[in-house]
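Here the structure is laid out as structure tokens; the discussion comes afterwards.
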Amino acid sequence: MKTYEEWQRLAAEITIPNQAYINGQFVSALSGETFDCVNPSTETVLAKVSSTDSADVDVAVEAAGKAFKSGVWSKMAPRDRKNIMLKWADLLAQHQDEFAVLDTLDMGKSISEMVDIDIPDSIDCIRWTAEGIDKLYGEIAPTNGQNLALISHEPIGVVAAITPWNYPLMMATWKIAPALAAGNSVILKPSEKSPLSVLRLAELATQAGMPDGVFNVLPGFGHTAGKALALHHDVQVLAFTGSTRVAGMLMEYSGQSNLKRVWIEAGGKSPCLVFDDYKDIVKAAQGAAAAIFTNQGEVCIACSRLYVQSSIKDAFMVELIKASKAYVPGDPLNPATNMGPLVDKNQMDTMAKFINSAQQDGATLLLGGLPEYQEGKGFFVNPTIFADAKNQMKFVREEIFGPVLAVSTFDTEEEGVALANDSKYGLGASIWTSDLSRAHRVSRQLESGMVWVNTWGDGDTTVPFGGVKASGNGRDKSLHAMEKYTELKNVWIRL
Ligand code: NAD
């Protein structure tokens, strides 16, 4: 790991990409418009980035469609496609420090988290998915002997990926790697709050040998570039990660246009259940704190609802407060920092709004509280914990997407499960128990796409990621992600 000074030096030296990437080259938006990309630690403008809109979307979709139809990528020998993607992953690995700095400057994530999580995960996602390209076969159905039925997985066409700002590089690779591996052309619209790293990633794709038009990046706003992509008749798949509110809009856009497939990874309000049989209270408390304060709470699977079994509440809360105080906001370029700033002032205001509502609803503030904002000094906030939370309180029901934890208690396992399931969301859940049967029993009952037992947030490219209920459909990662970007085709032959 580099030192603080070394990261600062690199941050001062790197070239910040600021144009859209269409058909194998950097271009400005046709309108000439730009938007400011702001460093949330200092509130200084990092770059004026091309603000694409529907005119640029038309150009990119045409280029992507043309590349798809030509077969340069969609019909390339699988082994060759694999080798280009593996080279792409190697280039990302070669430039990993630059990518780490880009996301840290852009959205405030700590550099150590970039180095430990986002970068290795993104490289592995591209590499692992690429390796699958020439190892997936079609099927022959067991029909009767007079017929032969062949089933193959075909690429679909132009895939638009629309991604959020909280893990800019990682969320993008989870979509673009399987979509490209399957042979599609891809247009990525990153969040307007963190567009930088994926622009550089597009440049590396060309360097790795990916043909022009196959991977394009359109920085811009949701209501302009994003909406135009979602309504476009020549986009066949929309792969989205972001809020549940916008996910609903995308489904409507699909209905209003060409019924394009809409894959959704949306919001969450994940529960953490701590049972009194769990042997190590300190470990459980550290786990519960990490589950809400990692990445400043800007994590879709953040366990923002904590339910502790009543009999251990007092002892547990002492440890929870201790563990939470270890999260100290600071310059995210410092490898010792474990909590950077929130992404922008809006996010800070949202946090303040929910803290006020928690207090009005009668929850008890135990740690942190309203952010103290000083203009020009960054959007730094403290870990905040409320006890005596009730499921009907607004701050317990709605996603805050910041470091605010709601704690309440339960007496029985049945009550704990009922409280955990009492949410419109169903993304992740974490349970802490030393009872193996209870671990299985509770995991089965939780209405959640993912359950972590005696841990939180762990994952691997081999394991699917995604939620149920208002948290989404389909899955990122693993071979299941490839299914999202392929169409099944049958050929029936009478012998
Ligand atoms: P967001 O929904 O505001 O924006 C996500 C993306 O959608 C951005 O690129 C944005 O520009 C675009 N967008 C906005 N309006 C649009 C429109 N009308 N048409 C087309 N595109 C539009 O979400 P965000 O604030 O960037 O990210 C935070 C949210 O993402 C949280 O709800 C979080 O839980 C969720 N998230 C989910 C997962 C998951 O895997 N389930 C992972 C990370 C983040």
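Every value quoted in this text rests on a predicted model; they were computed, and no experiment measured them. What you see below is based on every heavy atom in this structure, not just the backbone, and it leaves out hydrogens, waters and symmetry mates. In listed order, ligands and their atoms are each counted from 1.
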Self-check item: Within residues 465-475 or reaching into it, pairs that qualify as salt bridge (Lys or Arg N to Asp or Glu O under 4.0 Å) - sequence neighbours excluded
Solution: Glu447-Lys469
Exercise. Would you check ligand 1 and list the protein residues that come within less than 4.0 Å of it by any heavy atom, ordered by chain and number?
Key: Ile162, Thr163, Pro164, Trp165, Asn166, Met171, Lys189, Pro190, Ser191, Glu192, Gly222, Gly226, Lys227, Phe240, Thr241, Gly242, Ser243, Val246, Met249, Leu250, Tyr253, Glu265, Ala266, Gly267, Gly268, Cys300, Glu399, Phe401, Leu427, Phe465
Quiz prompt | Gap between atom CG of Asp361 and atom NZ of Lys394 - 0.5 Å precision | solution = 9.0 Å
Quiz prompt | Proximity of Tyr307 and Phe410 rings by center, below 6.0 Å | solution = no
Quiz item: Does the ring centre of Tyr327 sit less than 6.0 Å away from the ring centre of Phe293?
Solution: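 Yes: the rings meet the under 6.0 Å criterion.
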Practice problem: Name all residues meeting the salt bridge (charged side-chain N to carboxylate O under 4.0 Å, His left out) criterion together with Lys69; count only those two or more places apart in sequence or in a different chain, and write none if there are none. | Solution: none
Exercise. List in chain and number order the residues that pass salt bridge (charged side-chain N to carboxylate O under 4.0 Å, His left out) with Lys345, two or more places apart in sequence or in another chain; answer none if no residue qualifies.
Key: Asp349
